[in-house]
Amino acid sequence: MTSNPVTATLNTQDIQALDSAHFMHPFTDHGDLASRGARVIVKSEGIYIWDSEGHKILDAMSGLWCVNAGYGRQALAQAAFDQMMTLPFYNSFFQTTNVPAVKLAAKLASLAPRVGDRSFEHVFYSSSGSESNDSNVRMVRRYWDLLGQPQRKVIISRKNAYHGSTMAGASLGGMSGMHAQGDLPIPNITHIEQPYFFENGLPGETADEFGLRAARWLEDKILALGPERVAAFIAEPIQGAGGVIIPPATYWPEIQRIVDKYGILLISDEVICAFGRLGHWFAYEKFGYKPDLVTFAKAVTSGYIPLGGVLVGNRVAKVLIEQGGEFNHGYTYSGHPVACAVALANLDLMEREQLPQRVKTDLAPYLAQCFEAIASHPLVGLAETCGFTAGLVLVKNKATGERFAEHLGVVMICRRHCFDNGLIMRAVGDRMIIAPPLIMTHADIDEMMRLVRQALDFTLQELTQKGSL
Ligand code: PXG
């Protein structure tokens with residue numbers, strides 16, 4: 001009898017061999033991965049994951065910015081099981097609907113705060129952040145077509161933004177490495193600079209002055225294009241995958257003034273920032289701006305099952321629904337009953353445990369305090385937090401802010417020390433970032449910070465030994 005490699009009990013090397021033989025990973029150099037072998041993650045509980053060699057690792061990235069409610073939540077598994085036994089799938093294309101999708105849309109509408117004249121009564125579902133942003137492009141263009149302004153096609157985004165990996169998502173994103181492959185961006189998407197004060201602030205300029213200057217790059221771009229051609233501006237409240245880039249306080253109010261002045265739609269991509277990450281259900285509330293469309297995914301289910309979507313504000317919904325007829329767009333899994341049932345259980349759990357509120361009043365201030373303390377480390381040029389996410393800039397010279405040469409791969413060295421010592425942090429550019437589960441206690445945060453400091457110490461040691469300092 002031949003053994004089945006998928007069901008047989010395999011050791012780590014066997015799994016790694018099958019992995020490199022068959023599994024094409026996202027954003028991965030496969031030659032490089034094959035030479036090392038992937039780390040095999042086998043189980044999880046609370047804020048920890050374990051690999052196949054038995055190493056316990058504190059997951060300070062919540063999977064990939066998504067496991068906000070932590071691992072091992074039975075209520076979410078139960079919701080999936082119950083829904084699968086009741087109705088595992090049915091589509092919502094041909095005048096049918098399902099109960100979890102309806103309930104979740106109503107729930108999301110009730111959680112999304114009204115701001116000024118913007119309210120959010122409608123939800124368009126997808127299965128990911130990327131698909132949701134594709135839907136945004138379709139909805140924005142349809143909106144302007146219906147209003148008799150088909151020339152309004154251009155969507156302005158920002159460099160170093162991340163809006164997904166589909167053709168539209170990667171085009172909206174401002175990652176130069178992604179644009180370099182596959183003829184991106186697609187037409188009618190353009191980018192302005194990001195509001196990154198540490199990198200782009202001028203000597204003597206305050207953060208608030210920089211925030212206004214950075215926001216006005218949007219106005220410059222609108223005027224250069226011709227306002228009558230501009231359909232929308234899309235941005236993350238804070239840039240997540242770009243390295244936890246936190247805009248100065250003056251940035252968002254000025255952006256709002258500009259989009260209002262030219263009547264262009266505002267898309268808030270909250271795939272990372274919603275569902276408690278910044279201490280609110282939705283992050284536009286924290287910064288006080290008024291989006292027309294809000295992208296969500298990831299933590300809507302705490303990552304237990306794929307689900308994404310767009311909160312469609314009244315301005316757009318009214319036109320699409322009252323004037324639009326059929327909108328020729330949707331996905332097989334738009335409003336998937338199991339995904340929606342898990343999301344409902346997740347939001348219920350987050351509500352009962354008051355996770356967004358806890359972030360706001362307890363976890364965020366405590367994390368800010370811890371990052372103030374770590375700012376004194378000799379490798380740290382800047383330490384900043386926003387809600388329950390944070391970033392460190394690693395520098396060669398603390399006094400002058402001089403950065404390390406890119407070829408030294410300093411953040412990768414740091415990331416390796418994190419992994420080897422039982423901590424997951426993300427390395428982006430010259431920043432080390434975290435976005436831990438929202439269920440952490442102060443003791444968990446203390447333990448995380450002990451591991452962060454240790455990784456920095458080991459990195460410093462290695463750089464000193466190599467003569468890189
Ligand atoms: N918008 C934002 C703001 C995101 O952060 C997406 C859209 C796309 O979502 P999907 O579900 O299609 O992946 C994201 C995803 C990283 C990293 O390395 C971040 C994301 C995805 C993969 C890696 O930080 N964010």
Side-chain angles (χ1 to χ4, degrees), residues 46-48 57-62 65 67-70 196-198 201 206-208 211 237-240 243-249 251 272-273 275-281 283 285-288 299 350 353-395 398-399 401 411 414-415 417-418 421-428 430-460:
I47 60 167
Y48 288 98
I57 308 168
L58 191 160
D59 182 10
M61 275 309 296
S62 305
W65 317 87
V67 189
N68 286 15
Y196 186 11
F197 179 55
F198 189 71
T206 66
D208 282 351
I238 64 170
Q239 282 149 271
V244 184
I245 310 293
I246 306 163
Y251 183 76
I272 282 175
C273 293
F275 307 113
R277 177 59 57 202
L278 301 190
H280 296 264
W281 287 106
E285 190 187 21
K286 177 181 173 69
F287 294 106
M350 290 181 90
E353 297 178 7
Q354 299 188 305
L355 295 185
Q357 186 60 20
R358 236 188 113 224
V359 167
K360 189 173 174 184
T361 58
D362 179 28
L363 297 183
Y366 190 62
L367 188 71
Q369 204 178 308
C370 295
F371 267 66
E372 256 169 53
I374 205 106
S376 63
H377 192 279
L379 272 183
V380 174
L382 175 75
E384 53 182 352
T385 66
C386 186
F388 208 44
T389 182
L392 299 172
V393 180
L394 304 191
V395 291
K398 205 176 168 68
V411 289
C414 187
R415 189 179 75 169
H417 285 301
C418 288
N421 289 285
L423 172 70
I424 289 181
M425 270 186 114
R426 270 275 278 121
V428 184
D430 48 16
R431 294 171 74 96
M432 295 298 300
I433 62 180
I434 56 160
L438 311 185
I439 54 162
M440 275 193 165
T441 61
H442 283 211
D444 292 332
I445 297 175
D446 292 343
E447 170 62 3
M448 174 177 75
M449 295 312 296
R450 185 184 72 76
L451 294 169
V452 170
R453 188 172 287 278
Q454 199 175 58
L456 290 171
D457 287 343
F458 288 150
T459 306
L460 183 62

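- The two residues F197 and A207 come nearest to each other via the heavy atoms CZ-N, 3.5 Å.
- No side-chain heavy atom of N68 sits under 4.5 Å from any side-chain heavy atom of F388.
- Closest non-hydrogen pair, L456 versus C414, comes out as CD2-SG, 4.2 Å.
- Residues L392 and M425 are in side-chain contact: their nearest non-hydrogen atoms beyond the backbone lie under 4.5 Å apart.
- Every residue two or more places apart in sequence or in another chain that forms a side-chain hydrogen bond (donor to acceptor under 3.5 Å, both in side chains) with S62 is listed here: R277.
- Residues meeting the salt bridge (charged side-chain N to carboxylate O under 4.0 Å, His left out) test with E353, sequence neighbours left out: R73.
- For the atom pair CG of L423 and CD1 of I434, the computed distance is 8.5 Å after rounding to the nearest 0.5 Å.
- The line from NZ of K360 to NE2 of H280 is 4.5 Å long, rounded to the nearest 0.5 Å.
- Annotation for A299 and M350: closest pair O-SD, 4.4 Å, computed over non-hydrogen atoms.
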Just do the side-chain contact (heavy atoms from CB on, under 4.5 Å) check on C418 and I424 with the steps written out, would you?
CA-CA 6 Å; C418 288; I424 289 181; over 6 Å; no
Run I47 and I439 through side-chain contact (heavy atoms from CB on, under 4.5 Å) and show every step you take.
CA-CA 8 Å; I47 60 167; I439 54 162; 4.0 Å; yes
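- Here CG of L451 is found 14.0 Å from NE2 of H417. Values are rounded to the nearest 0.5 Å.
- Under the 3.5 Å distance criterion, the side-chain polar atoms of R358 are matched with a main-chain donor or acceptor of L438.
- Using a 30° and 60° split on the angle between ring planes, W281 and F275 fall in the perpendicular class, above 60°.
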Candidate pair L278 and E285, rule side-chain contact (heavy atoms from CB on, under 4.5 Å), full reasoning
CA-CA 10 Å; L278 301 190; E285 190 187 21; over 6 Å; no
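- Residues satisfying the salt bridge (charged side-chain N to carboxylate O under 4.0 Å, His left out) test with E384, not counting sequence neighbours, are R431.
- Residues passing the salt bridge (charged side-chain N to carboxylate O under 4.0 Å, His left out) test with D430 are R403, sequence neighbours excluded.
- Counting only residues at least two apart or in different chains, salt bridge (Lys or Arg N to Asp or Glu O under 4.0 Å) contacts with residues 434-449 comprise E447-R450.
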Compile the donor-acceptor pairs under 3.5 Å between side chains in residues 367-382 and protein atoms, sequence neighbours left out, one pair per line.
unit_1	atom_1	unit_2	atom_2	d
S376	OG	A373	O	3.0
H377	ND1	L379	N	3.1
H377	NE2	D457	OD1	2.8

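- In this structure, the side chains of P237 and K286 stay at 4.5 Å or more apart for every pair of heavy atoms.
- Put simply, CG on L355 and CG on L363 are 8.5 Å apart, with the number rounded to the nearest 0.5 Å.
- Using a 4.5 Å heavy-atom threshold, the side chains of I238 and V244 count as touching.
- To the nearest 0.5 angstrom, Y48 atom OH is 11.5 Å from I57 atom CD1.
- Contact record, M61 with I433: SD-O, 3.7 Å, taken as the closest heavy-atom pair.
- Between V411 and T459, the closest side-chain pair of non-hydrogen atoms is not below 4.5 Å.
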